[in-house]
Amino acid sequence: MAYDDQNIFAKILRAEAPAFKVYEDEFSLAFMDVMPQVDGHTLVIPKDATENLHEADPEILGLTIVNVQKVAAAVKKAFDSPGIMIAQLNGKAAGQTVFHLHFHILPRKDGLDASMHAREMADFTLLEDHAARIRAAL
Ligand code: AMP
């Protein structure tokens, strides 16, 4: 399947859609998930037009995962989280709903404490507050 440049993350990258950004460099962007499974649920994406892990340029993938590591440390600190789960879905059958490569960073406390995937929109004031906490921890 060809990369669809109308997906929501492509729009965020072109500043055609808003995002609660926490980190950005030449190669990647990190922002709050608008339908968080837990407080602090953050996404890291490459700026490269890449649908999933299988299609990723290894060099870009390497740069992206380094930023996953960096942002995950800030999320852990900002949310005082004993556990961090990294999730990454490839293909509809795996539950992928946005077809631009992304890594989920999920603070975890007590095992199965996350809500359903991509279900409920969070309060935007709260998301901005969470983004600010993570930025401060970077
Ligand atoms: P996946 O199902 O792995 O493709 O994950 C897509 C994620 O993107 C879900 O967790 C959604 O809640 C999240 N999402 C969808 N639209 C937006 C948006 N406009 N800004 C931030 N996150 C979004």
Side-chain angles (χ1 to χ4, degrees):
M1 197 166 92
Y3 178 82
D4 173 12
D5 68 1
Q6 292 307 305
N7 76 73
I8 186 65
F9 295 170
K11 289 183 181 175
I12 286 172
L13 286 171
R14 293 194 298 268
E16 292 168 12
F20 298 93
K21 296 183 183 182
V22 303
Y23 178 77
E24 183 167 14
D25 66 14
E26 201 184 330
F27 304 102
S28 37
L29 176 68
F31 52 99
M32 304 313 294
D33 193 305
V34 279
M35 288 170 270
Q37 289 173 256
V38 286
D39 280 356
H41 184 170
T42 307
L43 301 169
V44 179
I45 66 172
K47 291 188 172 177
D48 203 46
T50 303
E51 186 174 324
N52 58 39
L53 188 82
H54 309 295
E55 318 258 308
D57 176 297
E59 205 174 320
I60 302 274
L61 186 62
L63 292 163
T64 307
I65 202 75
V66 166
N67 281 330
V68 170
Q69 183 187 43
K70 184 187 186 113
V71 176
V75 171
K76 183 168 169 52
K77 190 172 163 194
F79 287 84
D80 194 22
S81 184
I84 289 287
M85 183 168 101
I86 305 297
Q88 197 280 309
L89 314 180
N90 299 285
K92 205 172 165 199
Q96 186 176 8
T97 58
V98 177
F99 295 93
H100 181 109
L101 175 63
H102 53 281
F103 290 84
H104 297 259
I105 298 173
L106 296 144
R108 302 299 296 266
K109 282 198 166 70
D110 298 307
L112 299 173
D113 54 359
S115 62
M116 288 298 283
H117 182 67
R119 279 289 167 84
E120 226 173 287
M121 196 77 93
D123 176 86
F124 282 7
T125 311
L126 191 67
L127 281 184
E128 182 42 43
D129 174 63
H130 289 170
R133 273 163 69 176
I134 298 167
R135 285 196 298 267
L138 272 164

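Scope of the values below: all heavy atoms of this structure, side chains included, with no hydrogens, waters or symmetry mates. First listed ligand is number 1; within each ligand, the first listed atom is number 1.
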Can you list the atoms of ligand 1 that are under 4.0 Å from a heavy atom of His104?
1 (P), 3 (O), 5 (O), 7 (C), 10 (O)
Please examine the side chains of Leu61 and Leu53, heavy atoms only from C-beta on, and report whether any two atoms are closer than 4.5 Å.
yes
Does even one non-hydrogen atom of Phe20 get within less than 4.0 Å of ligand 1?
no
If the threshold is 4.0 Å, N to carboxylate O, is there a salt bridge linking Glu128 and Arg133?
no
Please work out, at 4.0 Å between heavy atoms, whether the side chain, the backbone, both, or neither of Phe99 comes within that distance of ligand 1.
neither
Is the Phe124 to Phe20 ring centre distance short of 6.0 Å?
yes
Taking the side chain from Lys21 and the backbone from Ala131, do they hold a donor-acceptor pair closer than 3.5 Å?
no
Contact summary for Asp33 and Leu127, nearest pair of heavy atoms:
O-CD2, 3.7 Å
Contact check: Gln96 vs ligand 1, nitrogen or oxygen atoms, below 3.5 angstrom:
no
How are the rings of Phe9 and His100 set relative to one another: parallel (under 30°), tilted (30 to 60°) or perpendicular (over 60°)?
perpendicular
Those atoms of ligand 1 less than 4.0 Å from some heavy atom in Leu43:
8 (O), 22 (N)
Rounding to 0.5 Å, atoms CG (Leu101) and OG (Ser28) come to a distance of 10.5 Å
Does Met32 reach ligand 1, in the sense of a heavy atom lying below 4.0 Å from it?
yes
Could you work out, for atom 10 (O) of ligand 1, the closest of Asp33, Val34, Asn7 by heavy-atom distance?
Asp33
At their closest point, which heavy atom of Thr42 faces which heavy atom of Ala30, and how far apart are they?
CG2-CB, 4.5 Å
Please report whether ligand 1 has a polar contact with Thr97, defined as an N or O pair separated by less than 3.5 Å (distance criterion only).
yes
Test your reading of the model: is there a side-chain donor-acceptor pair from Glu16 to the backbone of Lys11, 3.5 Å cut-off?
no
Between Ile12 and ligand 1, does any nitrogen or oxygen pair lie at a separation below 3.5 Å?
no
One residue to check: Leu89. Relative to ligand 1, which of side chain, backbone, both or neither has a non-hydrogen atom less than 4.0 Å away?
side chain
Heavy atom of Ala17 under 4.0 Å from ligand 1?
no
Just jot down the ligand 1 atoms closer than 4.0 angstrom to any heavy atom of Gly95, in number order.
2 (O)
Looking at Lys76, I'd like to know if its NZ atom is crowded, meaning that more than 12 non-hydrogen atoms belonging to other residues, nucleotides or ligands lie closer than 6.0 Å.
yes
Report yes if some N/O of Ile8 lies less than 3.5 Å from some N/O of ligand 1; otherwise report no.
no
Hey, which atoms in ligand 1 end up nearer than 4.0 Å to a heavy atom of Phe31?
21 (C)
Hey, does His102 come in under 3.5 Å of ligand 1, counting only N/O atoms on both sides?
yes
